[in-house]
Amino acid sequence: MLIARWIVIFAILGVAICQDADGTYLQTLLKGLATSNNVQQAGLSSEALFSLVGSVLQGNLEKIINGVVDTLTMTLDEAAKNYTSSLCLNHTELFIKALARRENWALRMVDSMGKPGTDLMDFSLNWAGNFDECVAIKAESYTDPVAKEGLEHPYTGKYCTATVQLTDATLSFAGPLGLNIGMCLPDTCSSADGSALMNIVTRLLRLNMTIPKMYMSCQEKSLEFTDKALAVTIVGSIFAAVIVVATTYDVIIQHYLRKGAKKDKTQKDDIKAVNGVVNAAYNHSISKDDLSNSDMKVHKNGGLPNGFTDLEKATNSEISPDKAPYKPGIPGKLLLSFSVYTNAPKILNTNQPKGTLTSVNGIRFLSMTWVILGHVYAFGLNLTDNLATFFPQIAKRFTFQAIMNASFSVDTFFVLSGLLVSYLSLREMKKRGGALKFNWLLFYFHRYWRLTPPYMLLLMLYVPTFKYWANGPFWPQTGVDVDECKDTWWTNLLYINNVYKADKQCMGWSWYLANDMQFYVISPFMLVPLYYSPIAGAVACLALILGNFISAGMISSHSHFHANILFDQDQTVGMKLYVKPWTRVGPYVVGFFTGYILYKTECKVQMSKVANFVGWSVATAIAVSVLYGLYTSDGSPPDFSNGVSALYNATSRTAWGLSVAWVIFACATGYGGPVNALLSWRSIIPLSRLTYCAYLVHPLVIYVYIFSRRTMMHWYDLEMIYLFLGHLCVSYAAAFVLSLAFESPMMGLERVLLGRKKNS
């Protein structure tokens, strides 16, 4: 009850601070808010809105404080009968009395609480308050209040968020409409205390409306370090120690042992040159007479101070002959797999083997930037104070449709994956003499080993420890994954997290990895027929595409999905269409067949200028129609029938895959022109190598930024440009570290243990 009354206190004070003596300003504001189309669409009536906050608009600040203090003081006895936490109750009473005396720390507690700001009419209903001011507060009490002696600090401030859900209906992707209010409570009060007592608010305010949900969550100042967090910290420390040892070992070998051997070799060559021998060949400029004229005698007597004594020592084996360069054994090579000194230059190297499809590098990097750009918008939706005005504004822009449809960036990765699997595997199959001689066990092992270690090690490290990384009013102290992946982590390990327990999947963005691995597993059903019979292979590919069309179309039609699931009310239902392999396999198959064509033609195709122009025109038309076909000038969802939306959802991703496949085909066969020059730019090669790790880590980079903020974000164009570029740079920097720590070492271990050469 008392915590509920705290909500009343801060709400009353917050409103009182921003009004005049008669409350006319907020009265006028509320009238405008009640008649707002946005509020009416959300299901709030003007009567309900006035009943929610209208009762706190009368009087001035001084009268309100006195009235609240008197009311709470009179009800302390009643609260004590039903309230179980006596310590929280006593500390609340201390706050009330201090507030009545206008003590600074009590006023600061009120000051740190969230208050109404601007843009109320546009759903600016997240009043965060001041987190740092609240947690820095120390309550004061005296053993002798009159003389103010015996100062004590019985508690400190604890930041909590009171959430009042105003409607059941969701506002599309933004979720249900709710009021979030920053609170500052004694640190002896728990989240459970607040959640249990928030229902008192409705009785205190005498609301004549039904509130779907009310609860309070508090930010603990310190979290207990769990056994899982301790375990992964130890594992991470071991990895760090191994990397340090390996790098030190590598530097010693490179700079001392090997260079020392080269130095000895150079010194011996110089000694031989003095005696007329260079690299085991006589120097014919020295005559026999010269050799017999006591040169050796002088040498043996050491009479000349010109280094001949060293030659004598060499003949007496005091200096060893040529030292072979130091070569580490198997244990040394395994250790060197973790060396930053060796791995960093490999990542940053801009050279590639002959026959590499260089345009793939640029497409991979640009697609990753597209993914990050889309997630910058998507992840920050609920922490933006002007979403209701900013998003409708930019949704009207034709150019913004590429961001609205940023999900197609993942389909680009499917095209690239299928193309490379087909192109490289068919070349290897031909080299070995057919499918029967192809090493299928290594085919699967290499893929699993390539993807899984960095993926699972990152999951292991971040899931139990993420809640300790930072703090703030929005920081998720329970982590970002359900139950810290307690019952679902193994589905990620087996790459089935998109089809089994998908509603609780760990590391939510890993649905793509599951799809990609599943497509890889079934790829031999296309690979083998294509190798022996183009017709049989084409039939297998076509069957998968038709299955994709039928399943995606039927699911979309049955669930009445919009052409862009961004506008669907229930995003969890939309995942039925978004993450399932049978609805996403189309682009992979398109890329797979393109790789087959490049393999059969050996990237040598003769095309006329007309054919090349037609190809680029068709690819461009497809891309534009897919990305911008949903454009509406008023920013509203496209008014398609259920059948048209189903057809779009069934075919659009495969169509996008066709446009990407043409770009790769044209560039690989020499018809890419300036596009190929841009995509094949050597400086992009290191960034392309880091794309996998960038995909793994970039959501965490964005999460840390948005959840550790102290205030809501306010979006505008320049702000979004800075956010995007900042997240892009930090994500690739983090990807570089992740690759050095987990990805490159595992690839090095595979080369040492299995003797595999680096795949082109």
Answer yes or no: does atom NE2 of H714 have more than 12 heavy-atom neighbours from other residues, nucleotides or ligands under 6.0 Å?
-> yes
For R364, which residues count as a salt bridge (charged side-chain N to carboxylate O under 4.0 Å, His left out) partner, sequence neighbours excluded?
-> none
Provide the closest heavy-atom pair for M526 versus Y588 in the form atom of the first, atom of the second, distance.
-> CE-CE2, 4.1 Å
Does the side chain of N548 come under 3.5 Å of the side chain of T654 through a donor N or O and an acceptor N or O?
-> yes
Do L493 and W489 come close enough that some side-chain heavy atom pair is under 4.5 Å?
-> yes
Any donor-acceptor N or O pair under 3.5 Å, side chains S744, N343 = no
T369 side chain to L366 backbone, donor-acceptor under 3.5 Å = yes
So how far is it from L458 CG to L696 CG, rounded to the nearest 0.5 Å?
-> 6.0 Å
Measure from the side-chain N and O atoms of S422 to the backbone N and O of G418, and report whether any donor-acceptor pair falls under 3.5 Å.
-> no
Ignoring hydrogens and angles, state whether a donor on the side chain of H698 or H375 is under 3.5 Å from an acceptor on the partner side chain.
-> yes
N386 vs M712 side-chain heavy atoms within contact, under 4.5 Å | no
Test item: Y692 side-chain N/O and L451 main-chain N/O as donor-acceptor pair under 3.5 Å | yes
Answer yes or no: is there a donor N or O on one side and an acceptor on the other, between the side chain of T583 and the main chain of V579, under 3.5 Å?
-> no
Please name all residues satisfying ring-ring contact (aromatic ring centres under 6.0 Å, His included) with F742, sequence neighbours left out, ordered by chain then number.
-> F239
F640 meets the ring-ring contact (aromatic ring centres under 6.0 Å, His included) criterion, sequence neighbours left out, with none
Which heavy atom in V421 sits nearest to a heavy atom in S523, and how many Å separate them?
-> CG1-OG, 4.1 Å
Are Y631 and F398 near enough that their ring centres are under 6.0 Å apart?
-> yes
Between Y500 and T488, is any side-chain donor less than 3.5 angstrom from a side-chain acceptor?
-> no
Just distance, no hydrogens or angles: give the donor-acceptor pairs under 3.5 Å from side chains in residues 623-630, sequence neighbours left out.
from : atom 1 : to   : atom 2 : distance (Å)
S625 : OG     : A621 : O      : 3.0
S625 : OG     : I622 : O      : 2.7

When W511, Y520, Y512, Y455 are each screened for ring pair (Phe, Tyr, Trp, His ring centres under 6.0 Å) with Y495, the one that passes is Y455
Identify, with sequence neighbours excluded, every residue that meets ring-ring contact (aromatic ring centres under 6.0 Å, His included) alongside Y468.
-> F225
Exercise: do S556 and N649 side chains pair donor with acceptor under 3.5 Å | yes
NZ/NE/NH1/NH2 to OD/OE distance under 4.0 Å, K501 and D487 | no
Has the side chain of W475 got a donor or acceptor atom that lies under 3.5 Å from a matching backbone atom of A470?
-> yes
Donor-acceptor pair, T651 side chain versus L647 backbone, under 3.5 Å?
-> yes
Do Q505 and D481 have side-chain heavy atoms sitting under 4.5 Å apart?
-> no
For Y732, what residues pass the ring-ring contact (aromatic ring centres under 6.0 Å, His included) criterion, not counting sequence neighbours?
-> F365
For A231, which residues count as a side-chain contact (heavy atoms from CB on, under 4.5 Å) partner, sequence neighbours excluded?
-> none
Heavy-atom nearest pair, V415 first then P587, reads CG2-O, 3.4 Å
Identify the two heavy atoms, one from M746 and one from P453, that lie closest to each other, and give their separation to 0.1 Å.
-> CG-CB, 3.4 Å
Considering all heavy atoms, the nearest S417-R447 contact | OG-NH2, 3.1 Å
A229 backbone acceptor or donor facing T226 side chain under 3.5 Å = yes
S688 side chain to I684 backbone, donor-acceptor under 3.5 Å = no
Could D503 and K576 be called an ion pair, given the rule that one side-chain N must be under 4.0 Å from one carboxylate O?
-> no
Can you list the residues that meet the salt bridge (charged side-chain N to carboxylate O under 4.0 Å, His left out) rule with D717, with sequence neighbours excluded?
-> R397
R653 and S407 side chains, donor-acceptor separation under 3.5 Å = yes
For P581, all residues meeting side-chain contact (heavy atoms from CB on, under 4.5 Å), sequence neighbours excluded | N498, V499, N515, Q518, F519
Euclidean distance, L690 CG relative to S739 OG, rounded to 0.5 Å = 5.5 Å
Under 3.5 Å, is there a donor-acceptor pair between the H446 and E750 side chains?
-> yes
Do you see a donor-acceptor pair shorter than 3.5 Å between the side chains of T163 and N180?
-> yes
Determine whether more than 12 heavy atoms belonging to other residues, nucleotides or ligands lie under 6.0 Å from atom OH of Y722.
-> no
Is the side chain of T452 donor-acceptor paired with the backbone N or O of Y448 at a distance under 3.5 Å, no angle test?
-> yes
So, do T161 and Y215 sit near enough that their side-chain heavy atoms are less than 4.5 Å apart?
-> no
Disulfide (SG to SG under 2.5 Å) with C506: which residues, sequence neighbours excluded?
-> C485
Could you label the plane-to-plane angle of the W449 and F445 rings as parallel, tilted or perpendicular, counting under 30° as parallel and over 60° as perpendicular?
-> parallel
Kindly say whether T412 contributes a backbone atom to a donor-acceptor pair with the side chain of S367 at under 3.5 angstrom?
-> no
Looking at side-chain heavy atoms only, is the closest gap between M720 and V376 below 4.5 Å?
-> yes
State, with a plain yes or no, whether a side-chain heavy atom of N126 is found less than 4.5 Å away from one of D385.
-> no
For residues Y377 and W715, establish whether the separation of their ring centroids is below 6.0 Å.
-> yes
With sequence neighbours left out, write down each residue that passes salt bridge (charged side-chain N to carboxylate O under 4.0 Å, His left out) with K221, or none if nothing qualifies.
-> none
Closest contact, heavy atoms only, K580 versus A502 | NZ-CB, 3.7 Å
Nearest 0.5 Å, what's the CD1-CD1 distance between I550 and I545?
-> 12.0 Å
Considering only heavy atoms from C-beta outward, does the side chain of T384 approach that of N382 to under 4.5 Å?
-> no
How are the rings of F466 and Y703 set relative to one another: parallel (under 30°), tilted (30 to 60°) or perpendicular (over 60°)?
-> perpendicular
More than 12 heavy atoms of other groups within 6.0 Å of W509 CH2 = yes
On the ring face of F414, is R584 found with NZ or CZ under 6.0 Å from the centre and within 45° of the axis?
-> no
Using the test salt bridge (charged side-chain N to carboxylate O under 4.0 Å, His left out), find all partners of K158 that sit at least two apart in sequence or belong to another chain.
-> E220
Does a side chain donor of either W469 or S708 reach within less than 3.5 Å of an acceptor in the other side chain?
-> no
Please examine the side chains of T691 and Y695, heavy atoms only from C-beta on, and report whether any two atoms are closer than 4.5 Å.
-> no
